[in-house]
Amino acid sequence: MRFSGRYGYKPVREVFQIESMNEDLRNGVWSVLDQFIWSKEQTTFPDIFPDSFHESNPELSQLCFRLWFSYFKNPTDEIGSNWRVILSKIRTHFFKCKWYEVYDFLEFVVANYDQHRFQEQFCKACNSLFEREMSAYRFVNRCVTRLTDNHEISAIEQAVGSKIGPVRTHIQRALELLSDRSSPDYRNSIKESISAVESLVRQVSGASKGTLGQLVNKLENEVGLHPALRDSFKKLYGYTSDEDGIRHAIMEKSNNDYHDAKFMLVICSAFINYVEGKFEDKL
């Protein structure tokens, strides 16, 4: 993660790309389209016979017709038969359109490109890209669906702004490890999220040491923590501490993924915000 994101100068909403699309994500989407569709064009000697596109590429030709007729809603006699010109027109639209129109375009392509097993493979490749670039969306049943909502983002934003230095540091680090495009570290992101809660509980309870599992009992008396909520966090902490969990010293591999790490970041952020709200006058 770059300096701006690592130290909180880049908004959380930009990190998760919930209502935006940065250059890396848009370029990646175009590259997936190129890999699965545009590069499949098979016109023989296109410089000599540029008008042979429609005969050589029936599936791609049909997609272009549907794009012009139903998506762009332009006259179909403007499509032409030179593939390079056609692709240039599509590319111009793609790189000038709004972020949400890119997702519109993807859904339309998935529904209208008739190639064997294309939809399954293409949606899988897109989802892999979306996860890498921290897009808030995924293909679900061939429709682009939001998996990260405004409430989750708001919870993280509030926790990142915590008045307690160690809490703020751990949450920011958890976000950094989760959103590292080149080498995300989900295992340690989860650890940092839990550490943020531990730091908070130590601060408000006045304890100099102790694990979350021990400190949360004391917190119950301090803020009137509901027993069900207390037990939930003790069990959650237990998950990160048992022999198959995150912190076990001899564990060499972890099956934790983006969804596990994001869940822990969101739930720990929400808990931090709840406790800080209870102790607002004392912090």
Side-chain angles (χ1 to χ4, degrees), residues 1-18 20-25 27-28 31-32 124-138 146-149 152-162 164-202 211-213 233 235-273:
M1 179 181 262
R2 295 177 180 175
F3 175 88
S4 59
R6 189 166 64 250
Y7 290 100
Y9 296 112
K10 179 178 288 186
V12 176
R13 291 173 190 275
E14 287 187 22
V15 172
F16 279 96
Q17 303 204 62
I18 189 170
S20 63
M21 177 175 287
N22 66 16
E23 184 178 358
D24 290 344
L25 177 55
N27 287 343
S31 294
V32 173
K124 183 177 180 180
C126 283
N127 283 345
S128 179
L129 171 71
F130 294 160
E131 180 174 318
R132 186 192 77 189
E133 297 299 331
M134 295 290 288
S135 167
Y137 304 89
R138 299 290 186 277
R146 180 187 286 186
L147 296 187
T148 304
D149 63 29
E152 294 176 331
I153 299 298
S154 296
I156 299 170
E157 286 177 329
Q158 186 176 342
V160 166
S162 171
I164 303 174
V167 174
R168 185 170 60 249
T169 299
H170 284 302
I171 285 294
Q172 188 64 55
R173 180 58 176 161
L175 179 61
E176 174 189 345
L177 293 168
L178 171 66
S179 59
D180 188 327
R181 265 58 164 182
S182 60
S183 183
D185 189 344
Y186 303 127
R187 178 178 182 269
N188 282 308
S189 176
I190 294 173
K191 176 182 175 181
E192 293 291 340
S193 294
I194 284 290
S195 294
V197 175
E198 283 183 341
S199 296
L200 173 69
V201 176
R202 287 196 192 99
T211 65
L212 178 60
F233 263 86
K235 290 177 180 178
L236 198 61
Y237 178 79
Y239 154 69
T240 66
S241 304
D242 66 18
E243 63 181 358
D244 295 319
I246 308 305
R247 298 186 176 188
H248 194 264
I250 64 173
M251 187 182 72
E252 296 181 356
K253 295 183 179 180
S254 172
N255 292 323
N256 297 283
D257 60 15
Y258 168 84
H259 304 287
D260 296 318
K262 191 192 82 168
F263 169 76
M264 290 296 291
L265 177 58
V266 171
I267 201 69
C268 289
S269 294
F271 185 79
I272 289 166
N273 299 335

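Start at 1 with the first residue, then count along the sequence. Quantities reported herein were computed from a predicted structural model and do not represent experimental measurements.
Distance check, rounded to the nearest 0.5 Å: CG of D260 to OG of S193 gives 11.5 Å. Remark: M21 CE to F130 CZ distance equals 6.5 Å, nearest 0.5 Å. The line from CD1 of I164 to CD1 of I171 is 11.5 Å long, rounded to the nearest 0.5 Å. Atoms CZ and CD1, on F271 and I194 in that order, are 9.5 Å from each other to the nearest 0.5 Å. For the atom pair CD1 (I156) and CD (Q172), the distance works out to 10.5 Å, reported to the nearest 0.5 Å. Taking CG from N256 and CD1 from I190, the interatomic distance works out to 4.0 Å, rounded to the nearest 0.5 Å.
In terms of heavy-atom proximity, A125 sits nearest to V32 at CB-CG1, 4.1 Å. Closest approach of Y258 to S135, counting heavy atoms only: OH-O, 4.4 Å. Of all heavy-atom pairs between I272 and L200, the closest is CA-CD2, 3.5 Å. Taking each heavy atom of L265 and A174 in turn, the nearest pair found is CD1-CB, 4.0 Å.
Checked by atom type and distance alone, the side chain of D180 never pairs as donor or acceptor with a backbone atom of L177 at under 3.5 Å.
Looking at T169 and E192, their side chains never come closer than 4.5 Å, going by heavy atoms from C-beta outward. Counting heavy atoms from C-beta outward, L147 and F16 have side chains that stay 4.5 Å or more apart.
Checked against side-chain contact (heavy atoms from CB on, under 4.5 Å), E133 has the following partners two or more places apart in sequence or in another chain: Q17, D24, L25, L129, R181. Taking E157 as the reference, R13 meet the salt bridge (charged side-chain N to carboxylate O under 4.0 Å, His left out) condition, with sequence neighbours excluded. Partners of S128 under the side-chain contact (heavy atoms from CB on, under 4.5 Å) rule, at least two apart in sequence or in another chain, do not exist in this structure. Residues passing the side-chain hydrogen bond (donor to acceptor under 3.5 Å, both in side chains) test with N273, sequence neighbours excluded: none. Under the rule for a side-chain hydrogen bond (donor to acceptor under 3.5 Å, both in side chains), S269 has no partner lying at least two apart in sequence or in another chain. Every residue was checked against the side-chain hydrogen bond (donor to acceptor under 3.5 Å, both in side chains) condition with S189, not counting sequence neighbours, and none meets it. Here Y137 pairs with R146 under the side-chain hydrogen bond (donor to acceptor under 3.5 Å, both in side chains) rule; sequence neighbours left out.
Considering E131, M134, E152 as possible partners of K262, the one that fulfils the side chain to side chain contact (heavy atoms under 4.5 Å, CB included) test is E152.
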